[in-house]
Amino acid sequence: MKEVSFLINPFSGGGEGRRLATYLPEIMASFDLDTTQWAAEFTSLENIETQIFDLIKDTHKLIAVGGDGTMSDVLTCLARNLDLDVEVGLIPLGTGNDLARVMNIFHNYHNRGLLNTIRKLMSSGSRKFDLWSVNGKQTLSAYLSAGVDARVAMEFNQVRAAGKLPWKAVWLNKLYYLVIFARVYNHRLGQGTLLEYTSAGGQKHQVDLSGKRSIIIGNIPSYGGGANPFRDSDYNDAYLEIVPAKSLIKYIACMMTTMGAPIQKLITNLYLPCHHASSVKLSIPKGESVQIDGEDRTQEFSGKTIEIEHVRKVKLLVLEEV
């Protein structure tokens with residue numbers, strides 16, 4: 001059984017994952033770990049679930065090196081294999097990095113570097129973390145949304161998949177999101193968009209979202225690269241937080257919650273409704289965009305009823321706040 005294994009997306013961060021992999025032998029040697037006590041693999045495009053399954057079975061800690069999508073692959077494997085148990089960490093190389101933000105890893109990595117972050121992950125304790133099943137096919141760990149923001153994510157992914165992004169810098173990717181938003185900001189949820197959820201007290205609720213701008217369903221207090229439009233979000237309470245952005249101004253208010261805790265608290269308490277739910281059903285018309293954990297999932301879920309149920313708790317390596 002290995003002390004730690006690394007699953008590395010070589011393409012994340014404009015190829016940063018491949019570069020970081022070259023430092024691992026020296027870093028592991030500094031922890032007095034020989035080559036039998038740790039492992040590192042690049043993500044397989046053909047059979048990543050089997051790859052992750054095999055890594056988890058043979059390690060105490062599994063550290064994903066990549067973006068939210070790489071971490072999502074690891075958590076999806078854990079959601080589908082309830083008998084697997086491992087502590088999961090993350091080196092954030094993506095654009096949004098929402099999970100890394102709530103795990104207190106994002107700023108540590110960017111301010112103190114790879115060696116410091118790995119050292120802390122190796123000695124860090126873990127915290128229980130809720131995972132949610134989406135129609136039994138996908139796993140929600142951070143958030144799911146439909147509407148104008150999901151349309152932006154869909155178009156960005158199409159451009160990236162076609163290899164048409166003219167740059168690799170993360171901050172330029174974020175700027176390109178704004179370019180797409182300026183083009184699609186008039187988008188509204190289609191007729192027949194219906195939200196149904198069970199609240200904390202067991203009551204059933206229905207909300208017609210036809211014509212609204214967006215619906216955001218969150219498991220963590222971070223969305224879209226650091227915004228927090230939720231109230232009292234806790235990733236270990238078996239509840240989701242739901243924020244309907246009924247107008248463009250309300251959606252912009254959601255994104256303004258990146259401006260620090262006082263602004264976030266003021267906006268969410270006075271302006272953004274937030275519902276806590278133990279289960280969610282979202283019916284959306286065909287052609288509507290959907291994203292899960294920052295990844296475009298329109299093809300799988302457009303025109304369908306999306307059912308979100310709690311599936312299990314896993315162990316995430318979370319750094320102490322500094």
Side-chain angles (χ1 to χ4, degrees), residues 4-28 38-45 48 51-52 55-56 59 61-78 86-122 124 129 139 141-143 152-153 156-157 159-161 163-177 220 222-227 258 291-296 316-319:
V4 60
S5 295
F6 297 87
L7 179 70
I8 306 165
N9 185 334
F11 306 108
S12 285
E16 185 73 1
R18 188 176 297 277
R19 186 182 69 84
L20 292 188
T22 65
Y23 300 138
L24 290 179
E26 183 178 355
I27 292 173
M28 292 296 101
W38 70 278
E41 295 184 11
F42 291 124
T43 51
S44 167
L45 297 178
I48 191 167
Q51 179 187 25
I52 294 170
L55 280 172
I56 289 174
T59 192
K61 297 177 188 283
L62 178 60
I63 298 177
V65 182
D68 290 334
T70 306
M71 187 65 158
S72 179
D73 287 332
V74 173
L75 296 178
T76 294
C77 182
L78 288 170
V86 69
E87 293 183 319
V88 181
L90 175 63
I91 302 294
L93 302 181
T95 302
N97 298 305
D98 289 288
L99 268 176
R101 294 173 194 276
V102 302
M103 294 162 69
N104 300 325
I105 295 172
F106 178 78
H107 292 294
N108 192 92
Y109 172 68
H110 285 279
N111 294 334
R112 302 188 178 183
L114 179 65
L115 176 60
N116 180 273
T117 302
I118 291 179
R119 180 177 289 118
K120 287 183 177 179
L121 287 171
M122 294 287 285
S124 172
F129 184 89
T139 301
S141 56
Y143 62 87
V152 172
F156 179 85
N157 273 318
V159 172
R160 181 173 59 183
K164 295 181 179 179
L165 281 178
W167 46 70
K168 294 182 179 181
V170 170
W171 72 270
L172 286 173
N173 286 348
K174 291 183 177 182
L175 181 62
Y176 195 65
Y177 271 100
I220 64 174
S222 185
Y223 153 78
T258 58
Q291 65 169 332
I292 301 177
D293 295 349
E295 297 292 318
D296 175 44
L316 292 194
L317 296 171
V318 178
L319 305 188

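Numbering starts at 1 and runs along the sequence shown. Computed over heavy atoms, backbone and side chain alike; hydrogens, waters and symmetry mates excluded.
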Do [X] and [Y] have side chains that approach each other closer than 4.5 Å (heavy atoms only, starting at C-beta)?
X	Y	value
Val4	Leu121	no
Val86	Leu78	yes
Trp38	Ile27	no
Val88	Met71	yes
Met28	Phe6	yes
Val65	Leu93	yes
Ile52	Ile48	yes
Leu316	Leu75	yes

Item checked: Shortest non-hydrogen separation from Ser72 to Thr139 and the atoms involved -> OG-O, 4.2 Å
Next item on the list: State, to 0.1 Å, how close Pro92 and Ile105 come at their nearest heavy-atom pair, and which atoms those are.
Entry: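 Closest pair (atom of Pro92, atom of Ile105, distance): CD-CG2, 3.7 Å.
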Notebook entry, point to check: Mind checking what makes salt bridge (charged side-chain N to carboxylate O under 4.0 Å, His left out) contact with Arg19, not counting sequence neighbours?
Noted result: Glu16
Checklist line | Heavy-atom donor-acceptor pair, Arg101 side chain to Gly96 backbone, under 3.5 Å | finding: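 Answer holds: yes.
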